[in-house]
Amino acid sequence: MKNTLLVSMFALLPAWAGAGAAEREWMPYAKLVGTIKLDKFYALPPAARDKVSLYATVAPANKNIPLSELVLTVVHGAGRQALPITADGKLYIVPNPAWIREDAKIWTSLPKSEKVSVGFGMDALLPDGQQWQYSKLMGSVQQGNDLIKSQAGMLSIFMPTLRSVILKFAKPAQLRIEGKDGTKLYASDAKGWIRLKPESAWMREDPAMLVSERPVEAELDTE
């Protein structure tokens, strides 16, 4: 995804074991959790991750196969559960300790000859409702960069730096920031986006932010 925090961990991940024509074993559930560092993320104190959400990105490596044909299902001791993949290939997972302990497997709908491309990214975590304090949303940029540095270590110099939050709306929307020196208004563009960069004065003041419509997404961006 251009100009977003999307880092390919394994360009192509093959199946771990063969199976039937319609569905086959792809990889252990614990392997996916570890690949995108979800275990380390959720092991952090809540205050270190309360403004961002970490997700996996999945897609058929073969660009001729539509994303809609990719189905990932966890097969575990109590049955089967499909993993919800969004229309843009995001997969939000909270690690399930029971599935990790029993070494549950993820099965894929793709044929044996096809591979799955996997990456990970971070979004800003939207506060509830349509009004919140500035730091609750815009503090996600610094928190995201801190997480990248702490998890990547020396490799963080090769990782992208987050610089803004893009609020994405389903229909035209307005944002109002009510600072002590007055109110600043923003309107969504033709894409339904409002891009915001953290401003140090507002981070200190922490004014109220109000939106006319609740965003469907708050994407952390590198521009």
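Everything quoted here is computed from the prediction, not taken from an experiment. For reference, positions follow the sequence shown, starting with 1.
For the atom pair Phe169 CZ and Trp193 CH2, the distance stands at 12.5 Å (nearest 0.5 Å). We find the CG-CG distance between Asp50 and Leu44 to be 11.0 Å, quoted to the nearest 0.5 Å. Residue Lys136 holds its NZ atom at 13.5 Å from CE of Met209, rounded to the nearest 0.5 Å. In this structure, Asp88 CG and Ile85 CD1 are separated by 11.0 Å, a value rounded to the nearest 0.5 Å. In this structure, Leu147 CG and Lys40 NZ are separated by 12.5 Å, a value rounded to the nearest 0.5 Å. For the atom pair Thr108 OG1 and Glu25 CD, the distance stands at 11.5 Å (nearest 0.5 Å).
Looking at Tyr29, its side chain does come within 3.5 Å of a backbone N or O of Asn96 through a donor-acceptor pair. Gln174 places no side-chain N or O within donor-acceptor distance of the main-chain N or O of Ala187, the cut-off being under 3.5 Å. Side-chain atoms of Thr57 come within 3.5 Å of backbone N or O of Gly119 as a donor-acceptor pair. With hydrogens and angles ignored, the 3.5 Å screen pairs a side-chain donor or acceptor of Ser164 with a backbone N or O of Glu223. Under a 3.5 Å cut-off, the side chain of Ser53 and the backbone N or O of Leu125 do not form any donor-acceptor pair.
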Original post:
Please walk me through it: do Ile106 and Lys31 pass side-chain contact (heavy atoms from CB on, under 4.5 Å)?
Top reply: CA-CA 10 Å; Ile106 301 175; Lys31 178 71 175 179; over 6 Å; no
**OP:** Assess whether side-chain contact (heavy atoms from CB on, under 4.5 Å) is satisfied between Leu32 and Ile93, documenting all intermediate values.
**Re:** CA-CA 10 Å; Leu32 179 61; Ile93 302 174; 3.8 Å; yes
Subject >> side-chain contact (heavy atoms from CB on, under 4.5 Å) assessment of Leu175 paired with Leu196 >> reply: CA-CA 10 Å; Leu175 165 69; Leu196 300 168; 3.5 Å; yes
Original post:
Does the side-chain contact (heavy atoms from CB on, under 4.5 Å) test come out yes or no for Ile36 and Phe41, once each step is laid out?
Top reply: CA-CA 9 Å; Ile36 58 177; Phe41 179 77; over 6 Å; no
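Taking a cutoff of 4.0 Å between a charged side-chain nitrogen and a carboxylate oxygen, Glu213 and Lys171 qualify as a salt bridge.
Pairing each heavy atom of Glu217 with each of Asp123, the nearest pair is OE2-OD2, 3.6 Å. Scanning all heavy atoms of the two residues, the minimum distance from Met122 to Leu220 falls at O-CB, 3.6 Å. Closest heavy-atom contact between Arg195 and Ile166: NH2-CD1, 3.6 Å. Nearest heavy atom pair, residue Tyr134 against residue Pro198, reads OH-CA, 3.5 Å. Between Ile100 and Pro95, the shortest heavy-atom distance links the atoms CD1-CB, 4.3 Å. The two residues Arg24 and Glu114 come nearest to each other via the heavy atoms NH2-O, 2.5 Å.
Contact annotation: the side chain of Leu167 approaches that of Leu137 to within less than 4.5 Å [non-hydrogen atoms, C-beta and beyond]. Looking only at side-chain heavy atoms (C-beta outward), Thr35 and Phe120 stay at 4.5 Å or farther from each other. Counting heavy atoms from C-beta on, the side chains of Leu54 and Tyr42 never come closer than 4.5 Å. Taking the side chain as every heavy atom from C-beta outward, Asn145 and Thr161 approach each other to under 4.5 Å.
Hydrophobic clustering (ILVMFWY, side-chain heavy atoms < 4.5 Å, transitive): Trp132 and Leu210 are in distinct clusters. Under the 4.5 Å side-chain heavy-atom criterion for ILVMFWY residues, a single connected hydrophobic cluster contains both Val94 and Leu91.
The salt bridge (charged side-chain N to carboxylate O under 4.0 Å, His left out) search around Glu199 returns none, not counting sequence neighbours. For Arg176, the salt bridge (charged side-chain N to carboxylate O under 4.0 Å, His left out) partners at least two apart in sequence or on another chain are Glu178.
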Atom pairs and distances, donor-acceptor, side-chain atoms in residues 65-75, under 3.5 Å, two or more places apart:
none

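When Lys105, Arg80, Lys112 are each tested for a salt bridge (Lys or Arg N to Asp or Glu O under 4.0 Å) with Glu23, only one passes: Arg80.
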